[in-house]
**Q** 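Could you have a look at this structure, given as structure tokens, before my questions?
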Amino acid sequence: MKQYNSLRDVRTDLTNGEVTCRQLVEQYLRNINEKAELNAFLETFDEEALAQADAADRKLANGTAGKLAGMVIGIKDVLAYQGHRLQASSQILDGFKSLYTATAVQRLLAEDAVIIGRQNCDEFAMGASNENSSFGPVLNADDHSRVPGGSSGGSAVAVQADLCLASIGSDTGGSVRQPASFCGVVGFKPTYSRISRYGLIAYASSFDQIGIISKSVEDAALLLEVMAGPDAYDSTVSQRDVPAYSGLLATDTRYKIGYIRDCFESEGLDAEVKDSILSIKDMLREAGHTVEAVDFPYLDYIVPTYYILTTAEASSNLGRYDGVKYGYRTDNATDLSSMYKKTRAEGFGLEVQRRIMLGTFVLSADYYDAYYTKAQKVRRLIKEKTDELLQTYDFLILPTAPTTAFKLGENTANPLAMYLADIFTVQASLAGVPAISIPVGRDANGLSIGLQLMSRSFGEPALLAFSNYILDKITVEA
Amino acid sequence: MSTDIQTIRKIAHLARLEFNEEKEQEMLQELNKILNWMDQLRALDTEQVEPLIHMSEEVNVLRDDVARNTTTHEEALLNAPRKDSDYFRVPKVME
């Protein structure tokens, strides 16, 4: 079967009778089996996926198919799907089956998408390399000795290696964008609150957002349009109308673009990544866009701020895993208190325990103001500066990650080095603005380089249109 | 700022975690490194800045207060590691 890069291509072949939804699912399932060593999927839903495909084929034949008929999707193991296992790649949720389906997933199904399986990730979405999964690491399909990024590593590799057409992940500080950058695919985090999080396992609630990994910007736009919008089950979700993003991708606007000078001067930035992103900047300027250097004085503060706030929120959100109502429970308890402690000590992995400890520390009475309140104040400075820049500029551009995909094990001994892999993605998460990573080049080792674009809150139509324009332009000029 | 082993033990108790002596020492070293790195924020003057708490622009989005039984008793017990016909079971709490 040929490789498809967008639902549009799939639909053309479906219409011409070149392929059926059932054949698509069968082929993706074969690919998943043949590439099992990548460890991208924890589980596939073969029979149900085939039944969904048959239903989509019937609807296509009688003209009643939804927008996503022909779209085969994998979901990160943080999204609830009724009757299916869900465990955030953690042993503490061993055996858990969801009683309900996440709103975002429900909306995909309602438009006749196929859900093919559950994807590996860092435990509770905490990580930048997918090495924190209790099911073992995911391998980058371009080089099996390298990581796919994280935490949505399985979701990015699944799209990279043609195991499904798109994946739904979650992005707290870059967990969709950074793996997309490492795997040469599109990774998109919408504005905070754009998509309902009902049925998304909570990590850090003032950051968490469902995101999309796909091969084309067009598919990301379409999936956003289907998933976004008000939901009676999530009181934090935006009540704003949802534009038909996929119909708004044409653009001939000359934009005003800022590139954050401090990012390009940061010492951890790989020279090839830097050159690649700077060449895009030049290309845009030559094409008639205004491109200017801007200063962002808080670059050194964004990652510490992010880790104080997210570990605090995580320590609270993960309090619910106590071995009482669901999931794993220790066999070694002597009383209630030891049941809680041993269950959590045995069920959570090391990085999750480290973050719970940090979060509990920064929220404890003696340190609350010095760390937690301080970080909330710095977050305001970062958000206000980012919003101010995005009033002057339509987009901010910067690398998605300081390096291309690093080696397995390279950063595992040093949590701080791993945290700094997030340096360019957390700004958008702290500010709540939308951001996307698009593949714009490869380094000398053939590893993918991602360009990140941020726009103002709810600026998705222009952000997606401009991303699409850049990818088209690179393809034409290559 | 650096912390000490007594604080690590207190925090572990608050977080309902436990570590053996070796792990406890590792956690202390790692937390100290990370806390020192977080201390960079002190360089910023935030005296006049209000903490940013809510990220969504939505305020009090409420649905009608209509009682509905969305999860049955049996369903709620389905995932329990230990249960009887009506309740979650835990180790004895009262002496």
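Throughout, a chain's letter reflects where its sequence line sits, starting with A, and its residues are numbered from 1. Bear in mind the structure is a predicted one, so any value in this text is a computation, not a measurement.
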**Q** Nearest 0.5 Å, what's the CG-CG distance between B:L35 and A:L358?
**A**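 Answer for the CG-CG pair, B:L35 versus A:L358, is 6.0 Å.
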
**Q** Sort A:M339 into side chain, backbone, both or neither according to what part of it lies under 4.5 angstrom from a heavy atom of chain B.
**A** side chain

**Q** Just by distance, which donor-acceptor pairs between chain B and chain A come in under 3.5 Å?
**A**
{"from": "B:H13", "atom 1": "ND1", "to": "A:K341", "atom 2": "NZ", "distance (Å)": "2.8"}
{"from": "B:A15", "atom 1": "O", "to": "A:R344", "atom 2": "NE", "distance (Å)": "3.1"}
{"from": "B:A15", "atom 1": "O", "to": "A:R344", "atom 2": "NH2", "distance (Å)": "3.0"}
{"from": "B:R16", "atom 1": "O", "to": "A:R344", "atom 2": "NE", "distance (Å)": "3.1"}
{"from": "B:E18", "atom 1": "OE2", "to": "A:K342", "atom 2": "NZ", "distance (Å)": "2.7"}
{"from": "B:E30", "atom 1": "OE1", "to": "A:R354", "atom 2": "NE", "distance (Å)": "2.8"}
{"from": "B:E30", "atom 1": "OE1", "to": "A:R354", "atom 2": "NH2", "distance (Å)": "3.2"}
{"from": "B:E30", "atom 1": "OE2", "to": "A:R354", "atom 2": "NH2", "distance (Å)": "3.2"}
{"from": "B:D39", "atom 1": "OD1", "to": "A:Y371", "atom 2": "OH", "distance (Å)": "2.8"}
{"from": "B:L44", "atom 1": "O", "to": "A:K374", "atom 2": "NZ", "distance (Å)": "2.7"}
{"from": "B:T46", "atom 1": "OG1", "to": "A:K374", "atom 2": "NZ", "distance (Å)": "3.0"}
{"from": "B:E50", "atom 1": "O", "to": "A:R380", "atom 2": "NE", "distance (Å)": "2.5"}
{"from": "B:P51", "atom 1": "O", "to": "A:R380", "atom 2": "NH2", "distance (Å)": "3.1"}
{"from": "B:L52", "atom 1": "N", "to": "A:Q376", "atom 2": "O", "distance (Å)": "3.0"}
{"from": "B:S56", "atom 1": "OG", "to": "A:T236", "atom 2": "O", "distance (Å)": "2.9"}
{"from": "B:E57", "atom 1": "OE1", "to": "A:R240", "atom 2": "NH2", "distance (Å)": "3.0"}
{"from": "B:E57", "atom 1": "OE2", "to": "A:R240", "atom 2": "NE", "distance (Å)": "2.7"}
{"from": "B:E57", "atom 1": "OE2", "to": "A:R240", "atom 2": "NH2", "distance (Å)": "3.3"}
{"from": "B:E58", "atom 1": "OE2", "to": "A:Q239", "atom 2": "N", "distance (Å)": "2.9"}
{"from": "B:R63", "atom 1": "NH1", "to": "A:A232", "atom 2": "O", "distance (Å)": "2.6"}
{"from": "B:N79", "atom 1": "OD1", "to": "A:K97", "atom 2": "N", "distance (Å)": "2.9"}
{"from": "B:N79", "atom 1": "ND2", "to": "A:K97", "atom 2": "O", "distance (Å)": "2.8"}
{"from": "B:A80", "atom 1": "N", "to": "A:K325", "atom 2": "O", "distance (Å)": "3.4"}
{"from": "B:R89", "atom 1": "O", "to": "A:R329", "atom 2": "NH1", "distance (Å)": "2.9"}
{"from": "B:R89", "atom 1": "O", "to": "A:R329", "atom 2": "NH2", "distance (Å)": "2.6"}

**Q** By a 4.5 Å heavy-atom criterion (distance strictly below it), what part of A:V237 contacts chain B: side chain, backbone, both, or neither?
**A** backbone

**Q** Can you tell which part of A:L99 gets under 4.5 Å to a heavy atom of chain B, answering side chain, backbone, both or neither?
**A**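 Interface part for A:L99: side chain.
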
**Q** Please classify the contact of A:I308 with chain B as side chain, backbone, both or neither, using a heavy-atom distance under 4.5 Å.
**A**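 Both backbone and side chain.
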
**Q** Counting heavy-atom pairs under 4.5 Å with chain A, which one of B:P91, B:P51, B:A80, B:A76 comes out on top?
**A** B:P51

**Q** Using a cut-off of under 4.5 Å on heavy-atom pairs, state which of B:V61, B:V59, B:L44 scores highest against chain A.
**A**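 So the answer, after comparing B:V61, B:V59, B:L44, is B:L44.
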
**Q** Using non-hydrogen atoms only, which part of B:I8 is less than 4.5 Å away from chain A: side chain, backbone, both, or neither?
**A**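 Backbone plus side chain of B:I8, per the 4.5 Å heavy-atom cut-off to chain A.
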
**Q** Quick one: what part of A:A431 sits under 4.5 Å from any heavy atom of chain B, side chain, backbone, both or neither?
**A**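 Contact with chain B: backbone only.
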
**Q** Side chain from CB out, backbone as N, CA, C, O: work out which of these in B:M27 comes under 4.5 Å of a heavy atom of chain A, or both, or neither.
**A** side chain

**Q** For chain B, which candidate among A:V324, A:L350, A:V378 shows the most heavy-atom pairs at distances under 4.5 Å?
**A**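 Looking at each option in turn, the highest pair count goes to A:V324.
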
**Q** Between CD1 of B:I53 and CG of A:L309, what distance do you get to the nearest 0.5 Å?
**A** 10.5 Å

**Q** Answer with side chain, backbone, both or neither: which region of A:L430 has an atom nearer than 4.5 Å to a non-hydrogen atom of chain B?
**A**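 Contact with chain B is through the backbone of A:L430 alone.
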
